[in-house]
Number of protein chains: 2
Amino acid sequence: MAKIKSKNNGTKKEVIVEAATRLFREKGFKAASMRDLAEAVGVEAASLYNHIQSKEELLQEICFKVANEFNQKFDEIENSDLPSIKKVEAMLRFHIRQMFQHYEMVIVADRDWRHLSDPYLSNFHNQRRAYRKRLAGIIEAGIANNEIKPVDAPTVVLIMLHAVNGIESWHRSREKISAKQLEDNMVLIMTEGLKA
Amino acid sequence: MAKIKSKNNGTKKEVIVEAATRLFREKGFKAASMRDLAEAVGVEAASLYNHIQSKEELLQEICFKVANEFNQKFDEIENSDLPSIKKVEAMLRFHIRQMFQHYEMVIVADRDWRHLSDPYLSNFHNQRRAYRKRLAGIIEAGIANNEIKPVDAPTVVLIMLHAVNGIESWHRSREKISAKQLEDNMVLIMTEGLKA
DNA sequence: AATATACAAACGAACGGCTGTTAGTAGAGC
DNA sequence: GCTCTACTAACAGCCGTTCGTTTGTATATT
């Protein structure tokens with residue numbers, strides 16, 4: 001069973017999810033139609049349903065893949081013995097790199113997750129809240145042992161997570177500075193105001 | 001003629017635009033239907049067209065109202081004789097306050113402007129680019145006379161403008177710190193890393 | 001004061017078009 | 001011959017919007 005590989009590197013479903021990611025990023029989940037998607041894949045709309053169950057399933061795949069990657073990295077960093085300020089920096093750098101390498105799915109997950117329906121909607125929403133709370137926890141730990149100046153941790157999380165979204169603009173701007181340069185600049189600006 | 005005031009404080013069109021703002025913010029422009037909007041206003045969908053020309057006109061009103069307010073404030077600050085770093089801080093504070101007071105329309109304009117169609121789409125897009133360039137200009141001026149440390153100005157603009165969007169989460173979170181407190185926290189975090 | 005005129009604003013019905021999705025079927029590759 | 005995948009055709013439902021008409025009300029005329 002399942003020799004349904006497409007071309008060279010994955011199942012047809014994966015090809016569809018990738019095309020959906022690009023399309024959803026460009027038009028938004030609601031505005032992107034299954035017929036648009038079919039055209040992008042090079043097939044009729046009905047044919048998509050040999051590989052997927054529904055339009056929403058595509059959004060689920062995207063959202064939870066992104067969520068899992070972030071949660072996994074978070075575990076790794078949280079369990080390390082870095083000082084708190086370095087943990088924050090590491091998470092920030094990971095966010096920035098994900099935004100460089102997989103920005104389309106990161107943006108779709110961040111912008112269109114509200115179009116999920118329960119139980120996926122609640123699940124994702126809860127994960128999102130939990131993630132922010134954990135991140136704020138690291139910052140508060142840093143404040144507690146004087147690595148980080150006493151700022152409101154949830155505010156810092158708010159700023160950091162949203163600031164990274166700005167990289168979307170960078171992706172389609174003409175005169176790009178290098179990725180490394182942008183990363184270092186962002187980290188500098190965002191963490192310099194934190195240090196005690 | 002034209003005593004078509006609704007209830008006490010504005011034309012019916014204004015009432016519709018306000019309801020549309022709330023609805024678009026909640027569901028997104030594409031996902032919000034004219035029948036949804038009609039119900040929110042307390043009227044049949046067809047009746048809306050006695051007051052507006054199209055669904056897109058509503059989006060136009062929202063987007064350009066927001067754009068005009070920001071551009072106006074920008075002129076005022078740019079023409080002042082504040083030091084560059086203070087101009088940046090003033091703009092940042094204005095963004096934050098707009099986000100507190102009119103966050104629904106600010107968010108709709110920022111998230112759904114892509115659903116405008118030409119010529120409004122190009123117009124808005126150009127204003128957006130110009131705004132960011134002007135803001136970067138202020139920062140570069142500050143770098144030139146050593147008020148601001150030598151960072152990449154477009155990156156700072158990216159971060160600042162997106163960071164402010166985080167206030168949306170604050171609006172619907174349970175345990176709010178005060179608006180003033182959040183504003184000061186954001187300004188501190190965002191500007192401390194900039195000072196030379 | 002009663003009636004006629006004018007017009008804004010509401011309505012139900014309907015439009016063509018697009019939506020996500022299903023059914024049934026034909027062909028390709030093992 | 002069996003499985004997988006593509007197709008065409010069609011579905012029910014929602015979309016923004018238009019139509020013709022009725023309702024409500026403020027003003028002008030008698």
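In what follows, every chain begins at residue 1, and chains take the letters A, B, ... in the order their sequences are listed.
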Quiz item: Given atom CD1 of B:Ile52 and atom P of D:dT18, what is their separation to the nearest angstrom?
Solution: 10 Å
Quiz item: DNA chain C: A:Arg35 or A:Asn50, which has the more 5' nearest nucleotide?
Solution: A:Arg35
Quiz item: Ring centres of B:Phe74 and B:Phe94 under 6.0 Å apart?
Solution: no
Quiz item: Taking 4.0 angstrom as the limit, do B:Lys86 and B:Asp81 come out as a salt bridge?
Solution: no
Quiz item: How close or far is atom P of D:dC15 from atom CD of B:Glu39, stated in whole angstroms?
Solution: 12 Å
Quiz item: Hey, does the side chain of B:Lys12 come within less than 4.0 Å of C:dA10's phosphate (OP1/OP2), counting only N and O?
Solution: yes
Exercise. Choose from D:dG16, C:dT19, C:dA13 the nucleotide whose nearest atom is closest to any side-chain atom of A:Ser33.
Key: C:dT19
Exercise. Could you work out which one of D:dC7, D:dG16, C:dA10 sits closest to the side chain of A:Glu44?
Key: D:dC7
Quiz prompt | salt_bridge(A:Arg134, A:Glu78) N-O dist < 4.0 Å | solution = yes
Exercise. Please work out if A:Ala38 contacts a base, only the sugar-phosphate, or nothing of the nucleic acid, heavy-atom cut-off 4.0 Å.
Key: nothing
Self-check item: Short side-chain to backbone donor-acceptor contact, B:Glu57 and B:Ile52, under 3.5 Å
Solution: no
Quiz prompt | Rounded distance in Å - CD1 (B:Ile16) to C1' (C:dA10) | solution = 12 Å
Exercise. Assign A:Ala31 to base, sugar-phosphate, or nothing according to its heavy-atom contacts below 4.0 angstrom with the strands shown.
Key: nothing
Quiz item: Any side-chain N or O of B:His51 under 4.0 Å from OP1/OP2 of C:dA8?
Solution: no
Self-check item: Length of the line joining A:Glu56:CD and C:dT19:P, which is rounded to integer Å
Solution: 18 Å
Quiz item: From the list D:dC19, C:dA23, D:dG16, which nucleotide is the closest neighbour of the side chain of A:Ala46?
Solution: C:dA23
Quiz item: From D:dG16, C:dT21, D:dA6, pick the nucleotide closest to the side chain of A:Met34?
Solution: C:dT21
Quiz prompt | Length of the line joining B:Leu48:CG and C:dA8:P, which is rounded to integer Å | solution = 18 Å
Quiz prompt | Rounded distance in Å - CG (A:Leu23) to C1' (C:dT19) | solution = 14 Å
Quiz item: In whole Å, what is the span from the CG atom of A:Asp36 to the P atom of C:dC18?
Solution: 11 Å
Quiz prompt | Residue A:Ser47, side-chain atoms from C-beta onward, closest of D:dA6, C:dT21, C:dC11 | solution = D:dA6
Quiz item: Atom CG of A:Leu59 and atom C1' of C:dG20: how far apart are they, to the nearest Å?
Solution: 14 Å
Self-check item: Rounded distance (nearest 0.5 Å) linking atom NZ of B:Lys30 with atom CG of B:Leu59
Solution: 10.5 Å
